[in-house]
Amino acid sequence: MVLTIDKTTTEHDVNTWLDKVRTKRKGSGKKSYMAKYYGVLPNLGDGLQIQKQLRNEWR
């Protein structure tokens, strides 16, 4: 599904379209199917340093 959002599209329109997509999904009575991925990562320091550390662990 492709949604075309231009400068005249309102936030209400976008939310309406997203609600339609969510209700078409299996298990729509539940919270969003992506709910298990929602959240915020804790601040672990400098992002670049964390990336370098993770990449060094793969070697």
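In this structure, L18 is a member of the same hydrophobic cluster as I5, with clusters built from ILVMFWY side-chain heavy atoms closer than 4.5 Å.
Applying side chain to side chain contact (heavy atoms under 4.5 Å, CB included) to Q53 and the options E57, Q49, Q51, R55 leaves one that passes, E57.
W17 CH2 to T9 OG1: the interatomic distance, rounded to the nearest 0.5 Å, is 4.5 Å.
No donor-acceptor contact under 3.5 angstrom links the side chains of T16 and D19, judged on distance only.
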